[in-house]
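First comes the structure, then the notes that go with it.
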Amino acid sequence: MSEIHITLADGSQRSFARGATATDVAMSIGPRLVKAAVAAEVNGHEADLNVALPDGASVAIITGDSDGGRHVLRHSTSHVMAQAVTQLFPGAKFSIGPAITDGFYYDFELPGAKTFSDDDLVAVDKRMREIIASDQPFVRSEMSIDDALELFADQPYKCEIIERVRALGDAPVDPDDDDVGVDAGEVDPGGTVSVYRNTPEFVDMCRGPHVPSTGKLGHFKLMKVAGAYWRGNEKGPMLQRIYGTAWDSRAALDEHLHRLVEAEKRDHRRLAVELDLLSFPNELGGGLAVWHPKGAIVRKQMEDYSRQRHQDGGYQFVYTPHLANGKLFETSGHLAWYKDGMYPPMEMDNGTYYLKPMNCPMHCLIFRSRQRSYRELPLRLFELGTVYRYERAGTLHGLMRIRGFTQDDSHIYCTEDQLQDEIASLLDFVLSVLRAFGFTDFTAYLSTRDAKKSVGSDEIWDKATEALREALVRHGLPFKVKPGDAAFYGPKIDIDVKDAIGRSWQLSTIQCDFTLPERFDLEYVGADNARHQPIMLHRALFGSIERFMGVLIEHFAGAFPAWLAPVQARILPVATAHEAYAQTTADALRAAGFRVDVVEANDQLGKRIRSAKLDKLPYVLVVGDDDVANHTLGVNPRGGEVERNVPVDDFVARLGEDVDAGVVLA
RNA sequence: GCCCAGAUAGCUCAGUCGGUAGAGCAUUUCACUCGUAAUGAAAAGGUCGAGAGUUCGAUUCUCUCUCUGGGCUCCA
């Protein structure tokens, strides 16, 4: 038999000479496909284009413009980078170099503990392009573990990976297991090791597949150098990581780089300064922000809305102090678990005080302040509570990760019977509030126990986890599980939202807690006149006001909807003669409840309009002779066309509608 | 906390191979009074992040610290 039969992706069958490869299959379809092909899927498994196909195989060609294809391009490019680095820095050890979202990285240890500089990056880039120009083949071979250990004898990280996989033996590899997942991509645990050789000198261990030759690559850019711990272990060696991005075409690469530039323009740290919303003065210390008047207006709108919704939702408002005796946090367990994350103690003559890192212990004290009846449950305590956490220096990030912040924090005490309903209605509440701020795309996560980082019995954890899971199922909100991601006191549901340019942010959290009620000896008198322990839910919708503000700034790119905008309309008199009318009109709009300012005619109109547009105001209003005569406005809406001769009353109604439309009480 | 890169006017940045600094925008003033994205002129604005060291002299070189950016780790 000299022919083999191949089934293509569309279901059709073709015959090829024995020994035919996926490249031959692609060639039989068309030359453009050959050019675009980077790998193949053979019987459901990714494979190199140039391996001989078995008879009867199902073959799909993977092209560079698919997700799988880009993955192959990126992974192959990372090999090229490793080769470039080992050429430029003889003696460099390389560890792992996977494809990641939008790109790839490779971790190195350079001889003499050298670190990469930006100049080195330029040199690496140049050498990579030489390697690509020389069109080296990626030649796959397989060998025994012992042979691989010998081949990589001078590459300790590779040897460590091989040894680890050998230690696993034939045990099935769980790609979600952090301890093996990284290595699993590099080595086949079946007892053999596959390697890809580009040159007599450069060979890397890899499961593949790869492009047939380096000539297929080239649309890449090295992005940055970073330190990264070997195997993610903080106690282990710090390797040098180079990140790059790679695409199937110049256009796709350029588009990606353009997206990065656009995302940078939305950066809340930049917009916060440009729009005069808030700042992070060095004098305050790291991770602490001050809110300027314009930012404070946005914040007040957020807070007012939040308070209104909580009031409507049956919450009771409370206030608690910013610091407390350390005994409180011993009782709660926070000192035992998070002392490093708390600001250091203040030794006073009557005890040791700490800034509060959480509001929950104080809310528990409120619950405990008197005997509680089952008739009071669910008891929902709400506070915009400001907390302080000493986040490690390297982790701070604008408003997103900050040391002093205010949570829209609530603790709900309820009976076991009420738990399901409470969580389910809470999910409705969360999504409804988030929708009011313009978010429509949500992802829920259920975080489960990490036995090493938690307190409480298995029974309690199981009960709490099931309650959350059941509520998610009942609610119909799709969710994913994050194993071991729970807080120390209980499992949680996190809600991520997608912003206007598709990035995900974790905002809301609902946490189930059997532990604090126990630690604080909380109890209520039930209908049976006996004492029972309530269950406690922790929840925040914004997460923190600061972080939510940061997300809003980036989501709206600083162009807040009318109900949130610090200035809703700016009136520009065409000339000084129109200023009195401008002021009168501004007063009328203010009387109608709007935030309006006037910029006098000291500069040209065009310049003032430009300035107002850069401030991203919802409306710019121009008033001249006609308007003074007719009690009208020129209306220049953000993102719309200029309208002339709009009666003031009409505009008042219109702005009112805009504002109302922003607060949909869904 | 770890690796790398930074910190110069309110903002964005240039510059000084060691001799105490400059632009644009913003601000103020003057002129212009203009109908939808940058009028012109002038003025003012900086102990060049902080401290120490080397030096006749440090914003510049060295060290430490603080803060920032990108990662890693962490995130109650």
Side-chain angles (χ1 to χ4, degrees), chain A residues 105 107 113 115-118 120-121 223-243 264 267 269-270 273-274 276 279-288 329 332-342 356-361 387 389-398 400-402 407 453-454 485-490 492 506 509 511 513 515-516 538 540 543 547 572-579 600-614 620-627 633-637 641-645:
Chain A
Y105 68 79
D107 286 349
T115 54
F116 287 116
S117 68
D118 288 345
D120 293 333
L121 225 54
M223 304 300 284
K224 57 206 168 198
V225 187
Y229 295 109
W230 167 235
R231 309 197 57 78
N233 177 5
E234 200 178 356
K235 305 281 189 296
M238 168 79 61
L239 304 177
Q240 291 283 304
R241 175 173 298 179
I242 300 178
Y243 282 96
E264 201 176 324
D267 190 309
R269 293 162 300 184
R270 171 192 180 130
V273 173
E274 285 177 6
D276 196 17
S279 59
F280 300 85
N282 282 355
E283 294 83 345
L284 273 186
L288 298 168
F329 300 115
S332 69
H334 288 98
L335 267 177
W337 285 93
Y338 295 102
K339 194 169 198 296
D340 290 346
M342 292 168 66
K356 68 172 168 181
M358 288 288 277
N359 303 301
C360 32
V387 298
R389 298 180 183 178
Y390 195 75
E391 302 285 0
R392 296 163 86 184
T395 63
L396 299 173
H397 182 92
M400 304 304 189
R401 191 79 180 270
I402 194 169
Q407 297 177 308
K453 294 184 188 171
S454 56
D485 216 36
F488 75 89
Y489 49 70
K492 62 176 178 174
Q506 196 248 298
T509 184
Q511 308 179 351
D513 185 355
T515 302
L516 277 188
H538 306 243
R547 182 180 163 79
L572 305 178
V574 171
T576 305
H578 313 119
E579 273 170 19
E600 297 180 347
N602 293 327
D603 283 310
Q604 283 186 310
L605 181 61
K607 180 169 182 174
R608 286 177 287 148
I609 288 178
R610 175 181 156 79
S611 168
K613 290 294 180 186
L614 292 176
V620 180
L621 308 174
V622 176
V623 294
D625 287 337
D626 297 350
D627 301 300
L633 298 161
V635 177
N636 185 337
E641 296 292 317
V642 172
E643 301 155 46
R644 290 287 300 272
N645 306 313

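Here is how names work: the chains are called A, B, and so on, in the same order as the sequence lines, proteins then strands, and each is numbered from 1.
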Worksheet item: In whole Å, what separates the C1' atom of B:A26 from that of B:C11?
Response: 7 Å

Does NZ belonging to A:K339 count more than 12 external heavy atoms closer than 6.0 Å?
no

Can you tell me, in whole Å, how much space there is between the C1' of B:U8 and that of B:A23?
13 Å

side-chain contact (heavy atoms from CB on, under 4.5 Å) filter on A:D625, not counting sequence neighbours, yields A:H578

The Watson-Crick or G-U wobble partner of B:G18, with both key distances under 3.5 Å, is none

Integer angstrom distance from the P of B:C34 to that of B:G70:
48 Å

Original post:
Expressed in whole Å, how much space separates the P atoms belonging to B:C4 and B:U47?
Top reply: 31 Å

- P atom, B:G1 versus B:U64: distance in rounded Å? 14 Å

Per nearest nucleotide of RNA chain B, the residue lying toward the 5' end, A:N636 or A:A393, is A:A393

Using Watson-Crick geometry (N1-N3 plus N6-O4 or O6-N4) or G-U wobble (N1-O2, O6-N3), each under 3.5 Å, B:G40 is paired with B:C30

Under a 3.5 Å limit on both distances, the Watson-Crick or wobble mate of B:U60 is none

In short, A:V623 meets A:D627 closest at the heavy-atom pair CA-OD2, 3.4 Å

Contact span of RNA chain B against chain A, any nucleotide atom under 4.0 Å from a heavy atom, 5' to 3', runs B:G1 to B:A76

In whole Å, measure the gap between the C1' atoms of B:G45 and B:C61 for me. 30 Å

Of A:S611 and A:R389, the one whose nearest nucleotide on RNA chain B sits closer to the 5' end is A:S611

Answer for the Watson-Crick or wobble partner of B:A5, both distances under 3.5 Å, is B:U68

| said: Measuring only the P atom in each nucleotide, how far is B:U54 from B:U16? A whole number of Å is fine. | reply: 27 Å

(request) Just do the side-chain contact (heavy atoms from CB on, under 4.5 Å) check on A:R269 and A:H397 with the steps written out, would you? (result) CA-CA 9 Å; A:R269 293 162 300 184; A:H397 182 92; 3.2 Å; yes

Measuring only the P atom in each nucleotide, how far is B:A31 from B:A37? A whole number of Å is fine. 27 Å

What one should report as the nearest heavy-atom pair of A:E264 and A:R270 is O-CD, 3.6 Å

- Donor-acceptor under 3.5 Å (A:E579 side chain, A:A601 main chain): yes

- Message: I'd like to know whether the aromatic ring centres of A:Y338 and A:F329 sit less than 6.0 Å apart in this structure.
- Response: no

When both distances are under 3.5 Å in a Watson-Crick or G-U wobble arrangement, the nucleotide paired with B:G10 is B:C25

